[in-house]
Structure formats: structure tokens, C-alpha cells
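Notes follow the structure.
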Amino acid sequence: MVDQFQGLDPVAFRSALACFPSGVTIVTTRSASGTLHGFTASSFSALSLDPPLVLVCLDQGADCSPVFMAAERFIVNIVTPTHAELAIKFATKGENKFAYGAFEFDERGQPLLPDAAAVISCELEQAVPGGDHVILIGRVHDARTGNGKPVTWYQGGFLHLGESAA
């Protein structure tokens, strides 16, 4: 099948996508060998209430991609403005990402941010290829909320709820 969008300007496409504000998450897991892994994702959404499912999209080129595709569990941490720098670190290749945050561990040893706006613990239900990303579908087995407000990503920067984008 011939790609119908050969002439699509990638810069224009990214600019158009940047006009859609989205939440910011730090997704974490522990590999079978015990190593901690994580990435920043703004492509996160509820998928189903019954059964409780969420989805998060991961770049297939990310260093942690094979770990997450093989993971049994992962945690979605919905970040607050205080996590903005941490979210940048988790979006950067080669960083020792867990050196910068005050992570705790759940009863299964998965890393979580205790001061996140919300923490959603998942079992990997399915990994679905989607272009240059993989869609991780998680079955939620625990969800809790914190006191902080979430931060959004808009036009290449963080926007705090209640602030004007102009």
C-alpha cells in the first residue's frame, strides 16, 4: 500500500499536534533483572471502565521500549508542576532518570512518585504496534489520587492548570 501522506510536512504535523494540550505522565517499571526504567508520555488515556484499562504510547526507539514490552507491570504517574524537570529527564535518552526523583515502591517493588497527582498501577494487558510507537494497554489494579494538580504539555512547554496559554 502506498503511503497517502508522502507529501505531509513533518514539521507542520508536529506543530498541529502541539496545539492539543495533553497531560504529562512518567511511566515506570522494574525489569525482570530488577533494573528501574521509565519514560515521559503525554499520550495517555483511559480506555475502558469495565474492565478498567488505560493506554500509554511509547516510542519504539526508546531505550526502555523492550523492557516495557516485556514487563508484567507498569505504573502511570500523573505529574504535577513540581515534576516538570523530572519529566524532562525521563524524556531524555541516557539519563540516570531515577537519580532525580523521590521515588517509593509499591508492594510489588514497582517505582512510583508518592506526590504525583495520581498513581495508576497496571498489569500489561497488551502491546500493540502503532507506527513508530507501541501502544501499551494496561489493566488497572490500583489507582489513587494525590493533592497536587496535574500539569499539561502545550506547544512545547508546560502549562499549569489555571494559567492562560496566551
Side-chain angles (χ1 to χ4, degrees), residues 17 20-60 62-92 95-131 133-154 157-163 165:
L17 294 176
F20 183 73
S22 60
V24 181
T25 65
I26 294 176
V27 185
T28 57
T29 194
R30 180 184 296 270
S31 71
S33 66
T35 307
L36 302 179
H37 296 272
F39 65 97
T40 297
S42 57
S43 296
F44 165 77
S45 179
L47 179 60
S48 169
L49 292 175
D50 187 18
L53 300 172
V54 296
L55 67 81
V56 63
C57 299
L58 170 61
D59 185 335
Q60 288 189 28
D63 294 340
C64 63
S65 181
V67 173
F68 274 90
M69 290 178 60
E72 291 181 18
R73 295 177 178 83
F74 63 90
I75 293 184
V76 178
N77 300 277
I78 299 175
V79 303
T80 67
T82 61
H83 301 117
E85 281 187 48
L86 186 61
I88 296 295
K89 297 285 186 195
F90 271 75
T92 305
E95 284 286 332
N96 178 5
K97 300 169 183 182
F98 289 89
Y100 301 101
F103 287 87
E104 293 181 1
F105 299 91
D106 70 5
E107 65 282 351
R108 294 182 171 105
Q110 298 295 317
L112 61 87
L113 282 169
D115 56 345
V119 175
I120 302 168
S121 301
C122 305
E123 292 181 15
L124 182 62
E125 180 90 359
Q126 191 174 5
V128 180
H133 281 62
V134 61
I135 303 160
L136 303 174
I137 299 174
R139 182 179 290 260
V140 179
H141 65 80
D142 187 48
R144 65 176 178 84
T145 58
N147 294 323
K149 290 183 178 179
V151 68
T152 58
W153 185 253
Y154 176 68
F158 292 102
L159 181 66
H160 302 193
L161 293 180
E163 286 184 345

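Note that the structure is a prediction, hence the values are computed from the model and not measured. By convention here, the first residue in the shown sequence is residue 1.
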| From CA spacing to verdict: side chain to side chain contact (heavy atoms under 4.5 Å, CB included), C64, T29 | CA-CA 10 Å; C64 63; T29 194; over 6 Å; no
| From CA spacing to verdict: side chain to side chain contact (heavy atoms under 4.5 Å, CB included), F44, I120 | CA-CA 11 Å; F44 165 77; I120 302 168; 3.8 Å; yes
| Stepwise, does the side chain to side chain contact (heavy atoms under 4.5 Å, CB included) test hold for L113 with L86? | CA-CA 11 Å; L113 282 169; L86 186 61; 3.8 Å; yes
| said: Applying side chain to side chain contact (heavy atoms under 4.5 Å, CB included) to I137 and L47, what does each step give before you reach the verdict? | reply: CA-CA 8 Å; I137 299 174; L47 179 60; 3.8 Å; yes
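Between the CG atom in D142 and the CZ atom in R108 there is a gap of 8.5 Å [rounded to 0.5 Å]. Atom CG in D115 sits 9.5 Å away from atom CG in N77 (nearest 0.5 Å). Rounding to the nearest 0.5 Å gives a distance of 11.0 Å between OG of S48 and CG of L55. Note: H83 NE2 to Y100 OH = 16.0 Å, rounded to the nearest 0.5 Å. Between L36 atom CG and K97 atom NZ the span is 11.5 Å, to the nearest 0.5 Å. Remark: L17 CG to W153 CH2 distance equals 13.5 Å, nearest 0.5 Å.
Side-chain contact between I78 and T25 is present, with heavy atoms from C-beta onward closer than 4.5 Å.
The aromatic rings of F90 and F103 are tilted relative to each other, their planes meeting at an angle between 30° and 60°.
Shown here for A127 and L136, the closest heavy-atom pair between the two residues is CB-CD2, 4.1 Å. Taking all atoms of both residues into account, the shortest heavy-atom contact from V134 to S65 is CG1-OG, 4.4 Å. For V140 against C122, the heavy-atom pair with the smallest separation is CG2-SG, 4.1 Å. When every heavy atom of V151 is checked against every heavy atom of P81, the shortest pair comes out as CB-N, 4.0 Å. Nearest approach of I75 to P111, heavy atoms of both residues: CD1-O, 3.6 Å. Of all heavy-atom pairs between S22 and S42, the closest is OG-CB, 3.2 Å.
Here the rule is side chain to side chain contact (heavy atoms under 4.5 Å, CB included) with F39, and of V67, D63, V56 only V56 fits it. In summary, of the residues considered (E72, R30, E104), a side chain to side chain contact (heavy atoms under 4.5 Å, CB included) with Q110 occurs for R30 alone.
By the neighbour-count criterion of 12 heavy atoms within 6.0 Å, atom CD of E85 is sparsely surrounded, having that number or fewer from other residues, nucleotides or ligands. Under a cut-off of 6.0 angstrom, the local environment of CD in E123 is crowded, with over 12 non-hydrogen atoms contributed by other residues, nucleotides or ligands. Within a 6.0 Å radius of CZ in F105, other residues, nucleotides and ligands contribute more than 12 heavy atoms.
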